[in-house]
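Written out below as structure tokens is the structure these notes cover.
Order of appearance sets the numbers: ligands from 1, and atoms from 1 within every ligand. Only heavy atoms go into these numbers, but all of them, side chains included; no hydrogens, no water, no symmetry mates.
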Amino acid sequence: MKIFIDTADVKEIREAHEMGVIDGVTTNPSLMAKTGRKHREVIEEIVSIVDGPISVEAVSLEAKGMMKEAHEFSGWHKNIVVKLPMTSEGLKATKLCAQEGIPTNVTLVFSVNQALLAAKAGASYASPFVGRLDDISETGMNLISEIRQVYDNYGFKTQILTASIRHPIHVKEAALIGSDVATVPFNVIQQLTRHPLTDIGIQRFLEDWKKVPK
Ligand code: E4P
């Protein structure tokens, strides 16, 4: 499973990249707003750090405006993936982008049928939001299993990008189900590295090392 980092904070991206675990980056307007920096400037810094797919979200509500943004973003760097909303206008733009060879990430997917339509329109990635489903008492990970089954039934090439991940169990379950990608916030990536027995083990080895004659 590929791991993308779900942030626009370049400090976090650099740190995770140095750990060698990052295959790409997803951004959105909320993550971008947290940086307090200019959009293009942040994206250009991100593409200079990570050599992989970088999702950049369009904010137009109509396909025409989305295509204008898609052309602009994809001109910034070859690794840009245009993030489009799961709406009928978003699907129109997804189809046009597919025809032009512009990779897309259809975002805000909350049902199997939406994921099916995103694949039919030619999306490179579909992003089901598991955490936001959990928030409304639906089990988000069930959606990932169902989309996996439908995509496999018909051999769709669209990659499942599990999004809105909130904790390590989401990552583990996404991997077990066979999600193609999980986009993970930095704090969860840090949580993934930890195990209490690893810490205890290091401590014990360091103490025993002191007893070794040198
Ligand atoms: C996906 O690409 C989104 O950026 C993200 O996963 C949304 O997560 P949230 O529900 O934590 O905002």
Worksheet item: Is Asp51 atom CG crowded by more than 12 heavy atoms from other residues, nucleotides or ligands, each under 6.0 Å away?
Response: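 At most 12 heavy atoms, drawn from other residues, nucleotides or ligands, come within 6.0 Å of this atom.
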Practice prompt. Might you confirm whether atom CD of Glu72 has over 12 heavy atoms from other residues, nucleotides or ligands at distances under 6.0 Å?
Written response: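 Yes, CD of Glu72 has more than 12 neighbouring heavy atoms, counting only those of other groups under 6.0 Å.
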Nearest-neighbour protein heavy atom for [atom], which is reported as residue plus atom name and distance:
atom                    : answer
atom 8 (O) of ligand 1  : Ser164 CA, 3.3 Å
atom 2 (O) of ligand 1  : Lys83 NZ, 2.7 Å
atom 5 (C) of ligand 1  : Asp6 OD2, 2.9 Å
atom 7 (C) of ligand 1  : Phe129 CE2, 3.5 Å
atom 12 (O) of ligand 1 : Arg132 NH2, 2.8 Å

Item to complete: Could you tell me whether Glu207 and Arg204 have a side-chain N and a carboxylate O separated by less than 4.0 Å?
Response: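 No.
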Does any N or O atom in [X] lie less than 3.5 angstrom from one in ligand 1, N or O only?
X      : result
Arg166 : yes
Asn28  : yes
Asn105 : no

Fill in: Interatomic spacing from CD1 in Ile43 to NE2 in His77 - rounded to 0.5 Å
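Those atoms lie 11.5 Å apart.
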Worksheet item: According to the interplanar angle, ranging from 0 to 90°, do the rings of Phe156 and Tyr154 count as parallel (below 30°), tilted (30 to 60°) or perpendicular (above 60°)?
Response: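 Plane angle between 30° and 60°, so tilted.
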Worksheet item: For Gly178, does its backbone N or O pair with a side-chain atom of Arg148 as donor and acceptor, under 3.5 Å?
Response: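 Yes, the answer is positive, given that a donor and an acceptor are paired below the 3.5 Å cut-off.
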Discussion item. Any side-chain to backbone donor/acceptor pair from Lys214 onto Val212? Under 3.5 Å, distance only.
Written reply: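 Yes; at least one donor-acceptor contact below 3.5 Å.
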Worksheet item: Against heavy atoms of Ala163, which atoms of ligand 1 measure under 4.0 Å?
Response: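 So the answer, numbered in order with elements, is 1 (C), 6 (O).
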Discussion item. I'd like to check which ligand 1 atoms, numbered from 1 as shown, lie under 4.0 Å from a non-hydrogen atom of Thr26.
Written reply: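 In order of number, 2 (O).
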